[in-house]
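All heavy atoms count here, side chains included; hydrogens, waters and symmetry mates do not. On a predicted model such as this, the values are computed, not experimentally measured, just so you know.
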Amino acid sequence: MAVVLIMSLLKVNSPFTFHNTYAALGESFAVPTLPTPVKNPNWLAFNTSLMAELGVPITPVEQEALLPALAGNAVPSGATPIAQAYAGHQFGHFNPQLGDGRAILLGEVVTPQGQRKDVQLKGAGVTPFSRSGDGRAALGPVVREYLLSEAMHALGIKTTRALAAVATGQPVYRDTALPGAVLTRVASSHIRIGTFECFARRGEITQVKRLSDHVIARHYPDCAKSQAPYKALFEAVMAAQIALVASWMQVGFIHGVMNTDNMSIAGETIDYGPCAFMDTYDPATKYSAIDVRGRYAFGNQKSILQWNLARFAECLLRLIDEDVDVSVAYAEQALAGFSEQFDTVYFDLMAKKIGIQTRAIAEPMVIAFLTLLEDLQIDYTLAFRQLGQVLLMGTHEPFLQLLNDHSQAEQAAQQHKAIAWLEHWKSALAKQGDIANVDAGTHLQADTNAALVQGIQQVNPAIIPRNYQVEAVIAEALAVQQNMTAGAPARYPKFEALHRALQAPYDAAHESCDLAQPPTRAEQQGYKTFCGT
């Protein structure tokens, strides 16, 4: 059947050498599925640097020849297009059949470094898992995922990547007709906690074992050397996902929909739906229009991760030990250590943001700083970034400027609180030998100046994908597509400018640029994001 399906679409030469190890797992894991051709594909964006990282440098002519394949109008040679099966807990409720409702995996490529990567089309048409949906993606969510996933990569956070975005030249229908698009996504794999749940909930232990062995071989080969490989697998996945979510919170990222089907087993950020970066610090911050109760709010991401890992542990119980009671006892013990393990990773990251070397000193200072930001309603990203400026300029003023959006009386009280924390912070820096003459200000010792400030600036971005800036880019893309003239090349200057800036998020040159500026309170008020399905 798969051969008949593939022959019904044009096949084109592919610059990729595809492998199809996931498709080889069997029909219960995935269904052969062809993309649905689109009317008038045209480029929104193409990631030449990622293409080179995949070991496939490409010329402009070769890129143009690749357009039909990345639009879903042709099948690249060597590809075995499939839609993957998975289940998942959505907002705490189990859904036994989700799967790739609008995504089609073309295959896997192996990079020059020996890393195996999936190449997937998102928004490529109806699949057996579409559940009455159209299988398409609107242009806005595609632009958002392209920008944010590449920004996360530049920030040093594990993530799926965007290889290309193609406008389809035909509408999709949500609340209204919108231009459609297809995203080409690259990932270490698209296996999720929900993939395990798909089989474990049906009692298909053979398939759970087969999937586990595949994941060990692909992502965690050291687990195969363990006397208890499935315990080792759980611990490796827990460590990877702790590292991921802690790094999200370090930069103020809110995933927005941490369902188990949206949690990559490889520990990568996946499924950029109603995601956003936090502006004014508040742990209750949520932007997702569907997260009415704030289940996935910024400050809940740690606890939700633990809940999701408990669901993963349930999937492995019959593999961990023949006696399920023994497995349950192990899982409970492992999860009991989750909070301490998470805090160790998180506060190590946060200690670097304030330049404090010892976690025991850094942790209460970080907590106090976050309390200060919440109390004073200060922008999260700029607050940390300005710490470096405080040291460079020898004055509190760079930080105190963040309080200007308040009345004079309020500012006086707020400045007192801010200065108290800054002085405490400088004292801690002095004790570890980084600054001198604390009582006289923030005079830096010459031999430690560069290292201290550079260390702080390297972990505190000057620019993030500000929500209002992303919306402006999406509005531009919508306008361009809606007003295209046949045969005329499309230009997206706002997209290009923001994307270019986000590739160097720690560069001091961005500190005063318009793209790095926070929104006004009016622009923040009531801001919502949507998943796009």
Donor-acceptor pair, side chain of [X] and main chain of [Y], under 3.5 angstrom:
| X | Y | answer |
| --- | --- | --- |
| Q432 | L429 | no |
| S327 | D321 | yes |
| R192 | H190 | yes |

Would you please indicate yes or no on a ring centroid separation below 6.0 angstrom for [Y] and [X]?
| X | Y | value |
| --- | --- | --- |
| F384 | F369 | yes |
| F277 | Y380 | no |
| Y296 | F91 | yes |
| F129 | Y86 | no |
| H499 | Y146 | yes |

Do [X] and [Y] touch side chain to side chain, with heavy atoms closer than 4.5 Å?
| X | Y | answer |
| --- | --- | --- |
| L44 | F495 | no |
| W307 | R295 | yes |
| F18 | E108 | no |
| S189 | D118 | yes |
| Q120 | T184 | no |

For the residue pair K231 and Y330, would you count it as a cation-pi contact if the rule is NZ or CZ under 6.0 angstrom from the ring centre and within 45 degrees of the ring axis?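 That pair qualifies as a cation-pi contact.
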
Aromatic plane relationship, W248 with F253 - under 30° parallel, 30 to 60° tilted, over 60° perpendicular: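 Judged by the thresholds at 30° and 60°, the geometry between F253 and W248 is perpendicular.
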
Has [X] got more than 12 heavy atoms of other residues, nucleotides or ligands less than 6.0 Å from its [atom1]?
| X | atom1 | result |
| --- | --- | --- |
| E340 | CD | no |
| E523 | CD | yes |
| K528 | NZ | yes |

Can a donor-acceptor pair be found between the side chains of N47 and S49 at a distance below 3.5 Å?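 Side chains of N47 and S49: pair found under 3.5 Å.
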
Over all heavy atoms of both residues, which pair between D271 and D261 is shortest? Give the atoms and the distance, please.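 It is OD2-O, 3.8 Å.
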
As a quick check of understanding, evaluate side chain to side chain contact (heavy atoms under 4.5 Å, CB included) for L373 and W421, giving each step before the final call. CA-CA 11 Å; L373 301 191; W421 186 90; over 6 Å; no

For I265 and H219: C-alpha separation, side-chain torsions, deciding distance, then whether side chain to side chain contact (heavy atoms under 4.5 Å, CB included) applies. CA-CA 9 Å; I265 214 71; H219 295 300; 4.0 Å; yes

Side chain to side chain donor-acceptor pair (under 3.5 Å) partner of D379, chosen from Q386, R466, Q524: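 Considering Q386, R466, Q524, a side chain to side chain donor-acceptor pair (under 3.5 Å) with D379 is found only for R466.
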
Rounded to the nearest 0.5 Å, how far apart are CG of L349 and CZ of R359?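 Here the rounded value is 11.0 Å.
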
